[in-house]
Amino acid sequence: MWKPRVLTPSDLNTSAGAAGLMAAVSDKAWFDAALIREKALVFREFGVAADELEPLLRLLLPDRLPYVHGNSPRTKVGDNVYTSTEYPAELTISMHNELSYSGQWPARLLFYCKQAPATGGATPVVDGERWLAALDPEVRDAFSVGVRYTQNLHDGFGFGRSWQDTFETSDRAHVEKVLTAQDCEWQWKPDGGLRILQVRAATTRHPVTGAEVWFNQADQWHLSALDGEAAAALREMLAPEDMPQSVTFADGSPIPEEYITQIRNRGLDEAVDVDWREGDLLVIDNVLVAHGRRPFTGARKVLVAMSG
């Protein structure tokens, strides 16, 4: 079974600390090849402190990206460095590739453990080829037509995220430029909000290896992703087209809830947990590998950055 490659100072014939890790990964050709080959790399026992992280980010993610058009709650804590998704600790975050619903997504992600939780809180990772193969042929065939995402972003007051937070700007022209580049349809609403429509494939192929992987967020955008009470409350207050986010097949037909349950469960079943230790770094190829989060107790501080 596939699992991330864990690398320690002795594995890389270097010293502990940020300087030792930088020396080991300064060979860009080696690092790029290792990441594609292994799909995910864990750097452990280096003892990287939070104030030593920035030089490593510049080395490993030279074209660091902002979290533009992201749909999960985060806090920006540095130069295109963010907290990991701020969902309640008792919830599981299902497997997903970052921004797979968008027309542009990061090629790699870097996670850094600033503080490990008391219990739980692992970041599960799954090989996208294995996830695709684990789905029933009926589900794979149904999704071959693609999916359509609908997103409603408010103007500062409402459910979900505002368009200003989502795009890190209050400039409508800049938002429209981003959406055009991502091949989206959009509409500014009379209340100042923004509706975005995107039709995407359900799978993609890695640009280097050619591997076909499951690559969409249908299970997270589907209304069934909410607990029963939350979904019922939203149905009472909002029309289907006004939900903060929703998803259908590309032709607008509904996706059966049993398909969504299968996708979510089999992704988690195929996943391998990366249990955090303070100072750990996890780098993943965002096409070859999806990630999530297990429930936890105690304070958990994991930061994330991404690059093209």
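In this structure, Gln198 and Leu179 have side chains that are not in contact, with every pair of non-hydrogen atoms separated by 4.5 Å or more. For the pair Leu110 and Leu57, the minimum side-chain heavy-atom distance is below 4.5 Å. Taking the side chain as every heavy atom from C-beta outward, Thr248 and Ser253 never approach each other to under 4.5 Å. Annotation: side chain of Val126 is not in contact with side chain of Val272 (no heavy-atom distance under 4.5 Å). For the pair Leu194 and Trp186, the minimum side-chain heavy-atom distance is below 4.5 Å. At a threshold of 4.5 Å between non-hydrogen side-chain atoms, the residues Leu61 and Met306 do not count as touching. Using a 4.5 Å heavy-atom threshold, the side chains of Arg200 and Cys184 count as touching. Residues Thr297 and Thr119 meet the side-chain proximity criterion, which asks for heavy atoms closer than 4.5 Å.
Looking at Gln245 and Asn152, their side chains never bring a donor and an acceptor atom within 3.5 Å of each other. Residues Asp171 and Thr169 bring no donor and acceptor atom of their side chains to less than 3.5 Å of each other. A side-chain donor-acceptor contact under 3.5 Å links Thr123 and Trp276. Side chain to side chain, His69 and Gln104 fail the donor-acceptor criterion of an N or O pair below 3.5 Å. Side-chain atoms of Asn216 and Ser100 include no donor-acceptor pair closer than 3.5 Å. Counting only N and O atoms by type, the side chains of Gln164 and Ser170 include no donor and acceptor under 3.5 Å apart. A donor atom on one side chain and an acceptor atom on the other are not found under 3.5 Å apart for Asp141 and Ser144. Donor-acceptor pairing under 3.5 Å is lacking for the side chains of His206 and Glu212.
Crowding of Glu138 atom CD: a count of heavy atoms from other residues, nucleotides or ligands under 6.0 Å not exceeding 12. For Lys76, the NZ atom counts as densely surrounded, since its 6.0 Å shell holds more than 12 non-hydrogen atoms of other residues, nucleotides or ligands. More than 12 heavy-atom neighbours from other residues, nucleotides or ligands sit within 6.0 angstrom of NZ on Lys189.
A cation-pi arrangement is present between Arg74 and Tyr67, with the terminal nitrogen or guanidinium carbon under 6.0 Å from the aromatic centre and inside a 45° cone about the axis. Both tests do not hold together for Arg130 against Trp2: distance to the six-membered ring centre under 6.0 Å, angle to the ring axis within 45°.
For the ring pair (Phe, Tyr, Trp, His ring centres under 6.0 Å) with Phe215, the qualifying choice from Trp105, Trp131, Phe143 is Trp105, the only one to do so.
Contact detail for Tyr82 and Leu65: the closest heavy-atom pair is CE1-O, 4.3 Å. The two residues Ala18 and Glu52 come nearest to each other via the heavy atoms CB-CB, 3.7 Å. Across all non-hydrogen atoms, the minimal contact from Arg148 to Gly252 is NH2-CA, 3.3 Å. Nearest approach of Leu282 to Val42, heavy atoms of both residues: CD1-CG2, 3.8 Å. Of all non-hydrogen atoms in Ser162 and Leu153, the two that sit nearest each other are C-CB, 4.1 Å.
Taking a cutoff of 4.0 Å between a charged side-chain nitrogen and a carboxylate oxygen, Asp242 and Arg195 qualify as a salt bridge. Under 4.0 Å is where a charged nitrogen must lie from a carboxylate oxygen, and between Glu129 and Lys39 at least one such pair does. In this structure, Lys28 pairs ionically with Asp32, as a charged nitrogen and a carboxylate oxygen lie closer than 4.0 Å. For Glu176 and Arg172, the salt-bridge test fails: no basic side-chain N is under 4.0 Å from an acidic carboxylate O.
In this structure, Gln220 CD and Thr85 OG1 are separated by 8.0 Å, a value rounded to the nearest 0.5 Å. Note that CG of Leu223 is 8.5 Å distant from OG of Ser246, once rounded to the nearest 0.5 Å. Taken from CG in Leu7 to CZ in Arg44, the straight-line distance is 10.5 Å, to the nearest 0.5 Å.
The distance between the ring centers of Trp188 and Trp163 falls below 6.0 angstrom. Aromatic ring centroids of His174 and Phe167 lie 6.0 Å or more apart. For Tyr259 and His222, the distance between ring centers is not under 6.0 angstrom.
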Evaluation steps, side chain to side chain donor-acceptor pair (under 3.5 Å), between Gln182 and Ser102: CA-CA 7 Å; Gln182 295 182 0; Ser102 173; 3.1 Å; yes
Arg266/Asp136 under salt bridge (charged side-chain N to carboxylate O under 4.0 Å, His left out): CA gap, chis, key distance, verdict: CA-CA 10 Å; Arg266 294 191 184 174; Asp136 291 349; 2.6 Å; yes
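In terms of modelled atom types and a separation under 3.5 Å, the side chain of Asp285 and the main chain of Ile36 share no donor-acceptor contact. The closest donor-acceptor contact from the side chain of Arg140 to the backbone of Ala134 lies at 3.5 Å or more, if one exists at all. Formation of a donor-acceptor pair under 3.5 Å by the Thr83 side chain with backbone atoms of Thr75 is found in this model.
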